[in-house]
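Some notes on the structure that comes next.
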Amino acid sequence: KLPDSCEKYYFVQQLENRMVDTLFDKCAALYTYSLKDFRIFTEARWIQRELAKLGRDSALIPNAQELPADVKTIKRPSKPVVLIEGSLAWRKGVLKGLEALDGIDCAKWLLTNSHEKSCVGLGFDRVFSRVSWKDALSVIKTADVLLKPSYLEGSPTPHMEAMGLGTALVSTNCSGVSEYCVDEYNCLLAEVGNVDEMNSKVRRVLFDDELRERLIANGLKTAKSFSSWKPSIDKLVRLFDWQNGFVKELLGDDSSGEQK
């Protein structure tokens, strides 16, 4: 149990009431935001706005993505590769995304943290299950298109990774995507759950070279805006308060005020 004198913080990465099914659970999730014995911070502007509607102030610590400079591609087939990323949980929409690739002459790859055995027989040509982050980046960089068919996101990291690695992005316009995705500028967006529209968007990116290169170029420009964690870390330190002993220990601060 934490001491009463300890200041408590709650990091909200998604509105939990959207992730449960029963009315009781939804109400219970919403009730947590009314509790006043902790402070809230979040990674996404849309979550901050929704919390404000519930009467709750929150601090914004934006997501970022620092990618290594030496990400390599892996062996791939001669046909275009469309990569779907996500677990098999319903909110990631993986099976809808797979359905959206029907009729497209492409290699269908899946990058997932679900167990490989649960992906057998789904219809993917290749499954990358629970691989390291570095290997996952190589898979993303190798693909011609990253398709993200999610129903819910907070501040989705794979979108950021695709932009930073120069992979064209097609996504649903679910919550969180608006943090940095702009339709027809750095990605193509489809309505959530709309298989036909996802199919059409993927086809456009695969077979329109000028469009694909434009989306990739603008994605790389966008990626520069979230390519460093330092601004977010600085905000987090200010939120926790420099005098907080835990933060001083975490950052290696000594009694002289100098960082080790």
Side-chain angles (χ1 to χ4, degrees), residues 13-14 19 65 67-68 71-177 181 186-207 212 215-216 219:
Q13 296 177 281
Q14 177 60 261
M19 301 179 69
Q65 194 57 251
L67 299 175
V71 178
K72 307 295 185 183
T73 57
I74 63 174
K75 185 176 180 180
R76 51 163 295 157
S78 57
K79 65 172 61 175
V81 173
V82 178
L83 173 67
I84 296 176
E85 188 281 335
S87 72
L88 297 184
W90 68 267
R91 62 182 179 274
K92 293 300 183 181
V94 165
L95 297 184
K96 278 289 185 182
L98 181 60
E99 184 182 349
L101 299 183
D102 283 352
I104 300 177
D105 185 20
C106 66
K108 304 174 181 69
W109 287 7
L110 173 65
L111 176 62
T112 182
N113 60 9
S114 295
H115 196 283
E116 188 170 7
K117 289 183 179 179
S118 63
C119 304
V120 173
L122 294 180
F124 288 98
D125 298 305
R126 193 168 180 185
V127 174
F128 301 86
S129 172
R130 301 180 179 181
V131 300
S132 69
W133 180 56
K134 191 74 174 289
D135 288 343
L137 294 180
S138 291
V139 174
I140 294 172
K141 186 171 183 177
T142 302
D144 295 287
V145 177
L146 173 65
L147 172 61
K148 283 292 294 178
S150 303
Y151 287 83
L152 292 173
E153 292 286 354
S155 180
T157 299
H159 297 63
M160 304 166 79
E161 292 167 339
M163 289 185 188
L165 293 169
T167 299
L169 173 64
V170 175
S171 173
T172 53
N173 59 354
C174 65
S175 60
V177 169
C181 292
N186 55 20
C187 66
L188 293 185
L189 297 179
E191 288 297 319
V192 172
N194 191 322
V195 170
D196 291 339
E197 191 174 5
M198 282 188 275
N199 181 287
S200 174
K201 302 281 186 176
V202 170
R203 287 180 182 275
R204 284 185 61 198
V205 175
L206 286 179
F207 303 119
R212 184 174 62 257
L215 296 178
I216 290 172

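Not measured: the values here are computed from a predicted model.
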Rounded to the nearest 0.5 Å, what separation is found between the CG atom of Leu189 and the CG atom of Asn194?
-> 12.5 Å

For residues 74-108, which residue pairs qualify under ring pair (Phe, Tyr, Trp, His ring centres under 6.0 Å), counting only residues two or more places apart or in two chains?
-> none

Is the closest side-chain heavy-atom distance between Thr167 and Ile216 below 4.5 Å?
-> no

Measure across Met198 and Pro149 and return the closest heavy-atom pair with its distance rounded to 0.1 Å.
-> SD-CB, 3.7 Å

Roughly how far, to the nearest 0.5 Å, is the NZ atom of Lys96 from the CG atom of Leu101?
-> 13.0 Å

Nearest 0.5 Å please: distance from the CG atom of Leu147 over to the CH2 atom of Trp109.
-> 15.0 Å

Return the minimal non-hydrogen interatomic distance between Ala100 and Asn199, and the atom names on each side.
-> O-ND2, 2.8 Å

Side-chain donor or acceptor of Ser150 paired with backbone N/O of Gly93 under 3.5 Å | no

Determine the minimum heavy-atom distance between Leu206 and Cys106, stating which atoms define it.
-> CD1-CB, 4.5 Å

Would you name the heavy atoms of Gly219 and Met163 that are closest together and state the gap between them?
-> O-CB, 3.4 Å

Backbone N or O of Gly86 within a donor-acceptor pair of the Thr112 side chain at under 3.5 Å?
-> yes

Verify salt bridge (charged side-chain N to carboxylate O under 4.0 Å, His left out) between Glu153 and Arg91, making sure each step is shown before the conclusion.
-> CA-CA 8 Å; Glu153 292 286 354; Arg91 62 182 179 274; over 6 Å; no

Set of residues satisfying side chain to side chain donor-acceptor pair (under 3.5 Å) with respect to Thr172, sequence neighbours excluded = none

Roughly how far, to the nearest 0.5 Å, is the CG atom of Leu152 from the SG atom of Cys174?
-> 7.0 Å

Heavy-atom side-chain proximity of Pro68 to Lys134 below 4.5 angstrom = yes

With sequence neighbours excluded, what pairs up with Arg203 under the salt bridge (Lys or Arg N to Asp or Glu O under 4.0 Å) test?
-> none

side-chain contact (heavy atoms from CB on, under 4.5 Å) test vs Leu165 passes for just one of Val71, Thr73, Thr142, Leu146, namely Val71

Of all heavy-atom pairs linking Arg130 and Ser114, the shortest is NE-C, 3.8 Å

Quick one: CD on Gln65 to CD on Glu161, what's the gap to the nearest 0.5 Å?
-> 4.5 Å

Lys/Arg N to Asp/Glu carboxylate O, Arg76 vs Asp144, below 4.0 Å = yes

Could you list all the ring pair (Phe, Tyr, Trp, His ring centres under 6.0 Å) pairs where at least one residue sits in residues 146-173, not counting sequence neighbours?
-> none

State, without any angle test, whether Ser132 and Asp135 hold a side-chain donor-acceptor pair at a distance under 3.5 Å.
-> yes

Could you tell me which non-hydrogen atom of Ala190 sits nearest to which non-hydrogen atom of Lys201, and how far apart they are?
-> CB-CG, 4.2 Å

Classify the side-chain pair Glu197/Ser200 by whether it contains a donor and acceptor separated by less than 3.5 Å.
-> no

May I have the list of side-chain donor-acceptor pairs in residues 118-127 shorter than 3.5 Å, sequence neighbours left out?
unit_1 : atom_1 : unit_2 : atom_2 : d
Ser118 : OG     : His115 : O      : 2.6
Asp125 : OD2    : Lys108 : N      : 2.7

Show which side-chain atoms of residues 77-85 pair as donor or acceptor with protein atoms under 3.5 Å away, not counting sequence neighbours.
unit_1 : atom_1 : unit_2 : atom_2 : d
Lys79  : NZ     : Asp105 : OD1    : 3.3
Glu85  : OE1    : Lys148 : NZ     : 2.5

CG on Leu169 to CZ on Arg212, rounded to 0.5 Å = 14.0 Å

Indicate yes or no: at least one non-hydrogen side-chain atom of Ile140 is less than 4.5 angstrom from one of Phe128.
-> no

Quick one: do Leu137 and Leu67 satisfy side-chain contact (heavy atoms from CB on, under 4.5 Å)? Show the steps, please.
-> CA-CA 9 Å; Leu137 294 180; Leu67 299 175; 3.9 Å; yes

